[in-house]
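Dumping the structure here so I can ask a few things about it.
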Amino acid sequence: MPINTTFTSGQILTAAQQNSLPFGVVDYKSGTTTQTAINTVTDITGLSITWTAIANRVYMAQFNLNPYGEAGDSSNQLIVLDSVAVFQNRRNFTTLNVIDSTSGQYFFTTSAGSHTIKIQMSKAGTNNVNNFADGGTFACNFALFDLGAR
């Protein structure tokens, strides 16, 4: 599908042009579960989106998480598309058990059909453990957007 061209007054808007426009929010998730003692790569509860993708469209996944851990440790946050880590972010902890909000985003295209994208977290290197704060105290979310044809 070609990218849209500019519109002029009196021009007819076609279905092909409409289909090239962004479709907006595909899905939005808000986490509600605090998870502790994360030693290995762990799915963050409630932050998974399964959708039917349209080929040749640009998607954007965006998250905000609240990891916390021991001073000197690091936490990895990952966006995983169809069981493959496609984005990784690392947050270092400078003090003991202070929640440190972190965010990330990933732009991608994929084939048509059903896909799953999710957020995972793990400890980095020789860390003790990592924890994930959520619930009513700290905001946590994950959203997937359709940005239109490429």
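Below, all heavy atoms of this structure are taken into account, side chains as well, without hydrogens, waters or symmetry copies. Fair warning: this is a prediction, and the values are worked out from it, not measured in the lab.
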Are any side-chain N or O atoms of Gln77 and backbone N or O atoms of Ser75, one a donor and one an acceptor, separated by less than 3.5 Å?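 Answer holds: yes.
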Candidates Val80, Thr50, Ile49 - the one meeting side-chain contact (heavy atoms from CB on, under 4.5 Å) with Ile117: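 Answer after filtering Val80, Thr50, Ile49: Ile49.
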Any heavy-atom pair between the side chains of Leu47 and Cys140 that's under 4.5 Å?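 Heavy-atom side-chain distance check passes, below 4.5 Å.
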Test item: side-chain donor near acceptor, Ser103 and Gln105, under 3.5 Å: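 Gln105 and Ser103 do not have a side-chain donor-acceptor pair below 3.5 Å.
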Donor on one side chain, acceptor on other, Ser20 and Gln17, under 3.5 Å: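 Absent: no donor and acceptor within the cut-off.
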Measuring from Thr33:OG1 to Gln35:CD, what's the distance to the nearest 0.5 Å?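 Interatomic distance, Thr33 OG1 to Gln35 CD, rounded to 0.5 Å: 6.5 Å.
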Shortest non-hydrogen separation from Arg90 to Asn76 and the atoms involved: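 Shortest heavy-atom contact: NE-OD1, 2.8 Å.
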Evaluate side-chain contact (heavy atoms from CB on, under 4.5 Å) for Leu13 paired with Gln18, printing each intermediate quantity in order. CA-CA 7 Å; Leu13 180 62; Gln18 284 283 84; 3.2 Å; yes
State, with a plain yes or no, whether a side-chain heavy atom of Leu81 is found less than 4.5 Å away from one of Phe108.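 Yes. Closest side-chain heavy atoms under 4.5 Å.
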Would you say Val58 ends up clustered with Val25 if hydrophobic residues are merged whenever their side chains have heavy atoms under 4.5 Å apart, either directly or through other cluster members?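 In one cluster with Val25: Val58, yes.
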In sequence, state the C-alpha distance, the side-chain angles, and the governing distance for Ser48 and Asp43, and then conclude on side chain to side chain donor-acceptor pair (under 3.5 Å). CA-CA 8 Å; Ser48 177; Asp43 291 353; over 6 Å; no
Less than 3.5 Å apart, any donor N or O on the side chain of Thr102 or Asn64 sitting next to an acceptor on the other?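 Side chains of Thr102 and Asn64: no pair found under 3.5 Å.
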With the 4.5 Å side-chain cut-off for hydrophobic clustering, are Ile119 and Tyr28 part of the same group?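 Different clusters.
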Going through the distances and angles, do Ile38 and Lys123 end up as a side-chain contact (heavy atoms from CB on, under 4.5 Å)? CA-CA 7 Å; Ile38 295 173; Lys123 68 178 187 172; 6.0 Å; no
Which heavy atom of Arg57 sits nearest to which heavy atom of Gly148, and what is that distance?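 Looking at all heavy atoms of both residues, the shortest contact is NH2-CA, 3.2 Å.
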Taking atom CD1 of Ile79 and atom CZ of Phe63, what is their separation to the nearest 0.5 Å?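 Between atom CD1 of Ile79 and atom CZ of Phe63 there are 5.5 Å.
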Apply the test side-chain contact (heavy atoms from CB on, under 4.5 Å) to residues Phe87 and Leu78: give CA-CA distance (whole Å), side-chain angles for both, the deciding distance (0.1 Å), then the verdict. CA-CA 5 Å; Phe87 171 90; Leu78 300 91; over 6 Å; no
According to salt bridge (charged side-chain N to carboxylate O under 4.0 Å, His left out), who are the partners of Asp82, at least two apart in sequence or on a separate chain?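 By the salt bridge (charged side-chain N to carboxylate O under 4.0 Å, His left out) rule, Asp82 matches no residue at all.
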What is the distance from atom CD1 of Ile44 to atom CZ of Phe142, rounded to the nearest 0.5 Å?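 With rounding to 0.5 Å, CD1 (Ile44) is 11.5 Å from CZ (Phe142).
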Locate the shortest heavy-atom distance separating Met121 from Pro67; write the atom from each residue and the value.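 Minimum heavy-atom contact is SD-CB, 3.7 Å.
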Interatomic spacing from OG1 in Thr109 to CG in Leu147 - rounded to 0.5 Å: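 Separation between the atoms: 11.5 Å.
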What about Phe107 and Val86, same hydrophobic cluster or not, with Ile/Leu/Val/Met/Phe/Trp/Tyr joined at side-chain heavy-atom distances under 4.5 Å?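 Phe107 does not cluster with Val86.
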Worked verdict on Phe145 versus Gln62 for side-chain contact (heavy atoms from CB on, under 4.5 Å): CA-CA 8 Å; Phe145 301 92; Gln62 196 167 39; 3.6 Å; yes
If we only count heavy atoms from C-beta on, is the Trp51 to Leu144 side-chain gap below 4.5 Å?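 Trp51 vs Leu144: side chains touch.
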